[in-house]
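A short write-up of the structure that comes next.
Predicted model only: the values in this text are computed from it and were never measured. Chain A is the first sequence line, chain B the second, and so forth, proteins listed ahead of strands; every chain is numbered from 1.
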2 protein chains.
Amino acid sequence: MNIGDAARASGVNQKMIRYYESIGLIGDVARSANGYRTYTHNDIHTLAFVRRARRLGFSIEQIQALMTLWRDKERSSAEVKAIAQGHIDELQAKIEELAEMRRTLEHLVSCCAGDDRPDCPILDGLSANVDAASALAGVSPRGHP
Amino acid sequence: MNIGDAARASGVNQKMIRYYESIGLIGDVARSANGYRTYTHNDIHTLAFVRRARRLGFSIEQIQALMTLWRDKERSSAEVKAIAQGHIDELQAKIEELAEMRRTLEHLVSCCAGDDRPDCPILDGLSANVDAASALAGVSPRGHP
DNA sequence: CTTGACCTTCCCATCATGGGAGACCCTATC
DNA sequence: GATAGGGTCTCCCATGATGGGAAGGTCAAG
């Protein structure tokens, strides 16, 4: 199996396969006489593992660790779980960060008429004068009703 | 005001101020005789605008557009609102993507004993044999009860 | 005059992904 | 045997936003 077949079989594209090899995420693969990379069934399996892990948002570094455990038949599932839980926490933090942005933006957007006139609470909110936007929504940033 | 003061006043750090200038996000700023950048009150205001927009997750490109509208007294608030709504949609898409990852991971994690033994549904789930993990949770991926 | 705090530009690194160039390799068809 | 096409190789560059660090100029206080 050449790299093109490996890409199709694993769902990881060629560029990425070479990249993963170059950074040592996957071991150096066998080469045939012409210098082409040759993939075994097992290599494909590894690539597919990486792909799934990436799709779940694991970083290369985390995947490195996961693969070490994957190959280690003496591992404890607790180690794997810790990595996964750590990643869940990262995801959660990111989600909350984005949700907070969205919340703020939705508030501004809901205050904006969205018509032909230039008056715009969104721009006001982005300008220094946050009070202007807050006031529009009846929210008092410094607890002053 | 030199760049250090501008950074403190606007909350945008020096590196970023220079970067924003280099990519044309903010216009070239005045220089004093010694070549130091000199910031006016207005420049600070602009920087603070950029900072707030960044904090809401707007890309530089979007901020570019927002600032153009900001300066345009003939703008329609609809244009601003469209950009903001577009960004909300992006945020929402990202949130959903991350939430889906989290959901899947939480499922796997909940199936994992997290003890000293090597058996690990998380690794099984990342391996090709997805059925193994699904089966553990009583979920049938191909609608086969 | 030195010290220390500023400021300048320039280069490099991040993370994961990909585009593209230029050079080989192999197979099929003419 | 020539040529066309598709596959592969390596190498360089780019992304977006951020920042580290080097080497050197400037200024005010001691």
Could you write out each protein N or O paired with an N or O of nucleotides 8-12 of chain D at a distance under 3.5 Å?
{"residue": "D:dT8", "atom": "OP1", "partner": "A:I3", "partner atom": "N", "Å": "3.3"}
{"residue": "D:dT8", "atom": "OP1", "partner": "A:G4", "partner atom": "N", "Å": "2.9"}
{"residue": "D:dT8", "atom": "OP2", "partner": "A:G4", "partner atom": "N", "Å": "3.2"}
{"residue": "D:dT8", "atom": "OP2", "partner": "A:Q14", "partner atom": "NE2", "Å": "3.2"}
{"residue": "D:dC9", "atom": "OP1", "partner": "A:R37", "partner atom": "N", "Å": "2.6"}
{"residue": "D:dC9", "atom": "OP1", "partner": "A:R37", "partner atom": "NH1", "Å": "3.1"}
{"residue": "D:dC9", "atom": "OP2", "partner": "A:R18", "partner atom": "NE", "Å": "3.2"}
{"residue": "D:dC9", "atom": "OP2", "partner": "A:R18", "partner atom": "NH2", "Å": "3.0"}
{"residue": "D:dC9", "atom": "OP2", "partner": "A:R37", "partner atom": "NH1", "Å": "3.4"}
{"residue": "D:dC9", "atom": "O5'", "partner": "A:R37", "partner atom": "NH1", "Å": "3.4"}
{"residue": "D:dC9", "atom": "O3'", "partner": "A:R31", "partner atom": "NH1", "Å": "3.4"}
{"residue": "D:dT10", "atom": "OP1", "partner": "A:R31", "partner atom": "NH1", "Å": "3.2"}
{"residue": "D:dT10", "atom": "OP1", "partner": "A:R31", "partner atom": "NH2", "Å": "3.0"}
{"residue": "D:dT10", "atom": "OP2", "partner": "A:R37", "partner atom": "NH1", "Å": "3.0"}
{"residue": "D:dT10", "atom": "OP2", "partner": "A:R37", "partner atom": "NH2", "Å": "2.8"}

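- Taking atom CD on A:E61 and atom C1' on C:dA16, their separation rounds to 14 Å, with Å as the unit.
- Atom pair B:R51:CZ and D:dA17:C1' shows a separation of 15 Å (rounding to whole Å applied).
- Atom P of nucleotide C:dC15 and atom CD of A:E90 are separated by 13 Å, given to the nearest angstrom.
- Look at CZ on B:R55: it is 16 Å from P on D:dA17, rounded to the nearest Å.
- The shortest side-chain heavy-atom distance between B:H107 and B:R102 does not fall under the 4.5 Å cut-off.
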For residues 14-21 of chain A, dump all side-chain donor-acceptor pairs below 3.5 Å to protein atoms at least two apart in sequence or in another chain.
{"residue": "A:Q14", "atom": "OE1", "partner": "A:R18", "partner atom": "NH2", "Å": "3.3"}
{"residue": "A:E21", "atom": "OE1", "partner": "A:R37", "partner atom": "NE", "Å": "2.7"}

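- Taking side-chain N and O atoms only, B:Y19 has no distance below 4.0 Å to OP1 or OP2 of D:dG16.
- Atom P of nucleotide D:dT15 and atom CD1 of B:I60 are separated by 14 Å, given to the nearest angstrom.
- The aromatic rings of A:W70 and A:H45 lie perpendicular to each other, with more than 60° between the two planes, well past the 30° mark.
- Salt bridge status for B:E106 with B:R103: absent, with no side-chain N to carboxylate O gap under 4.0 Å.
- Here A:Y20 reaches the OP1 or OP2 of C:dT17: one of its side-chain N or O atoms lies under 4.0 Å away.
- At most 12 non-hydrogen atoms from other residues, nucleotides or ligands lie less than 6.0 angstrom from CG of A:D116.
- Considering only heavy atoms from C-beta on, A:L66 comes within 4.5 Å of A:I83 through its side chain.
- Regarding B:L25, its CG atom lies at a distance of 10 Å from the P atom of D:dT18, rounded to whole Å.
- Between B:L47 atom CG and D:dT18 atom P there is a gap of 13 Å when expressed in whole angstrom units.
- At whole-Å resolution of the value, CD in B:E21 and C1' in D:dA17 are 17 Å apart.
- Note on the helix from C:dC1-D:dG30 to C:dC30-D:dG1: terminal axis deviation equals 40°, with five pairs used at each end and the result rounded to 10°.
- The heavy-atom pair separating B:C112 from B:C120 by the smallest distance is SG-SG, 3.8 Å.
- If you check every strand for non-hydrogen atoms under 4.0 Å, A:F58 touches nothing.
- In this structure, the side chains of A:M67 and A:F49 come closer than 4.5 Å at one or more pairs of heavy atoms.
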